[in-house]
Amino acid sequence: MPGKGKVTTATLRERKRAGERIAALTAYDNLFATLLDNAGVDVILVGDSVATVMQGRHTTVSVTMDQMVYHSELVSRGCNRALVVGDLPFLSYQVGIEEALRNAGRLLKEGHVEAVKLEGGRAFVPTVERLVSAGIPVMGHLGLTPQSINQFGSYKTRGTEAEEQREMIEDAQALEAAGAFAIVLEKVPSNLGKRMSAATTIPIIGIGAGPHTDGQILVTHDMLGMFTRFKPRFVRRYLELAKDIGSAVEGYCGDVRGGSFPNADESY
Ligand code: KIV
């Protein structure tokens with residue numbers, strides 16, 4: 001039984017019904033997961049953005065199932081309240097439905113997440129239906145889908161044309177009908193975020209989708225100012241930790257080299 005205050009997929013649906021916004025962030029390790037969970041984040045996504053944020057890669061394409069299981073296990077062990085969602089990495093769910101089921105099952109059984117996320121619309125309806133019927137909650141991901149970067153060739157805003165917007169809303173409704181409990185909507189115009197949220201009863205969690213979606217998600221290392229290789233316009237930095245860490249480490253190096261660390265109180 002989930003404890004009191006535990007966020008579940010049912011909580012999220014209820015939040016949307018009540019018009020209460022959902023706050024989501026990413027985590028890849030136990031320390032950050034614990035900090036975010038204690039601070040009251042509703043949904044913690046073990047994103048395949050682990051590739052760009054933690055592994056120094058330029059895309060998410062190379063992330064493996066074993067890596068996602070490893071990071072999911074670290075994160076889920078740090079969470080008591082938040083709903084923990086694990087990303088299905090590229091080619092873990094596209095090859096076949098049975099393989100998708102086996103891989104999603106690994107994220108739940110070995111990674112101890114409570115739900116999985118996959119990128120794509122109508123083409124993945126049979127997969128979503130199969131996972132949901134096996135008891136695996138599924139979060140969709142529409143708009144900019146970073147696993148398809150090699151097909152699209154850029155990370156530019158999606159859904160800028162009327163026809164593309166219509167198709168994306170139909171994708172969202174198809175995912176909802178297939179049993180998805182929420183959808184991440186990435187880097188689309190605000191008006192599409194608003195329209196998609198109005199056209200579905202499951203929460204639309206925006207990242208660069210404007211202020212009208214049912215919730216927001218950011219990559220934690222972006223909003224803390226730790227990841228500075230690039231900064232999408234939709235990121236708001238609440239701290240400048242890369243600068244603070246740099247200053248702290250410079251201070252430490254200076255103290256060690258100058259002989260002022262450790263002092264008497266720091267010695268035995
Ligand atoms: O992998 C990830 O961190 C994501 C978020 C950007 C939503 O999919």
Side-chain angles (χ1 to χ4, degrees), residues 12 21-29 32-33 36 41-65 67-72 74-76 79 82-94 103-104 107 111 113 115-121 124 137-149 152 155-159 168 172 175 180-188 193 196-197 202-210 213-224 226-227 229-237:
L12 300 186
R21 296 262 160 86
I22 296 157
L25 284 171
T26 61
Y28 317 104
D29 62 49
F32 267 81
L36 302 187
V41 171
D42 300 312
V43 178
I44 297 184
L45 171 70
V46 190
D48 61 359
S49 52
V50 69
T52 45
V53 177
M54 306 298 280
Q55 299 175 339
R57 309 247 180 236
H58 287 282
T59 77
T60 58
V61 170
S62 61
V63 178
T64 67
M65 265 312 296
Q67 290 168 352
M68 289 310 303
V69 168
Y70 171 74
H71 288 284
S72 296
L74 300 181
V75 169
S76 46
C79 296
L83 179 79
V84 182
V85 181
D87 240 346
L88 281 167
F90 181 58
L91 278 202
S92 69
Y93 56 96
Q94 293 92 337
N103 284 324
L107 281 184
V113 302
V116 300
K117 175 165 84 58
L118 56 79
E119 296 182 7
F124 292 97
V138 179
M139 176 182 263
H141 185 152
L142 296 171
L144 175 65
T145 47
Q147 291 178 9
S148 305
I149 179 60
F152 290 112
Y155 290 107
K156 76 175 175 47
T157 312
R158 302 288 195 269
M168 226 184 276
L175 290 172
F181 72 88
I183 295 172
V184 165
L185 180 60
E186 181 162 354
K187 208 169 179 195
V188 299
M196 193 181 285
S197 299
I202 57 172
I204 305 299
I205 316 277
I207 173 164
T213 53
D214 306 303
Q216 299 289 334
I217 183 164
L218 283 176
V219 169
T220 298
H221 296 66
D222 283 342
M223 57 83 80
L224 295 179
M226 288 179 91
F227 181 82
R229 208 162 70 214
F230 55 88
K231 180 186 169 300
R233 169 172 158 182
F234 58 73
V235 170
R236 181 181 294 177
R237 283 196 186 147

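For ligands, and for the atoms within them, numbers begin at 1 and follow the listed sequence.
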Nearest to atom 4 (C) of ligand 1, what protein heavy atom do you find, and at what distance?
-> L45 CD2, 3.5 Å
Which of the atoms in ligand 1, numbered in the order shown and given with their element, are less than 4.0 Å from a heavy-atom of H141?
-> 8 (O)
Of V184, T26, L25, the one forming a side-chain contact (heavy atoms from CB on, under 4.5 Å) with L45 is T26
What atoms in ligand 1 come closer than 4.0 Å to a heavy atom of T26?
-> 3 (O)
Could you label the plane-to-plane angle of the H221 and Y28 rings as parallel, tilted or perpendicular, counting under 30° as parallel and over 60° as perpendicular?
-> tilted
Taking every heavy atom of V219 against every heavy atom of S49, the minimum-distance pair comes out as CG2-OG, 4.2 Å
Verify ring pair (Phe, Tyr, Trp, His ring centres under 6.0 Å) between F152 and Y155, making sure each step is shown before the conclusion.
-> CA-CA 8 Å; F152 290 112; Y155 290 107; 9.9 Å; no
For ligand 1, which atoms have a heavy atom of G47 less than 4.0 angstrom away?
-> 1 (O), 2 (C), 3 (O)
Residue, atom and distance of the protein heavy atom nearest atom 6 (C) of ligand 1 read I207 CD1, 3.6 Å
Keeping the roles fixed (side chain from T60, backbone from A51), state whether a donor-acceptor pair exists under 3.5 Å.
-> no
Taking only heavy atoms of D48, which atoms of ligand 1 are found under 4.0 Å from at least one of them?
-> 1 (O)
Protein residue, atom and distance nearest to atom 2 (C) of ligand 1, heavy-atom basis | S49 OG, 3.3 Å
min-distance protein heavy atom vs atom 8 (O) of ligand 1 -> K117 NZ, 3.0 Å
List in chain and number order the residues that pass salt bridge (Lys or Arg N to Asp or Glu O under 4.0 Å) with D222, two or more places apart in sequence or in another chain; answer none if no residue qualifies.
-> none
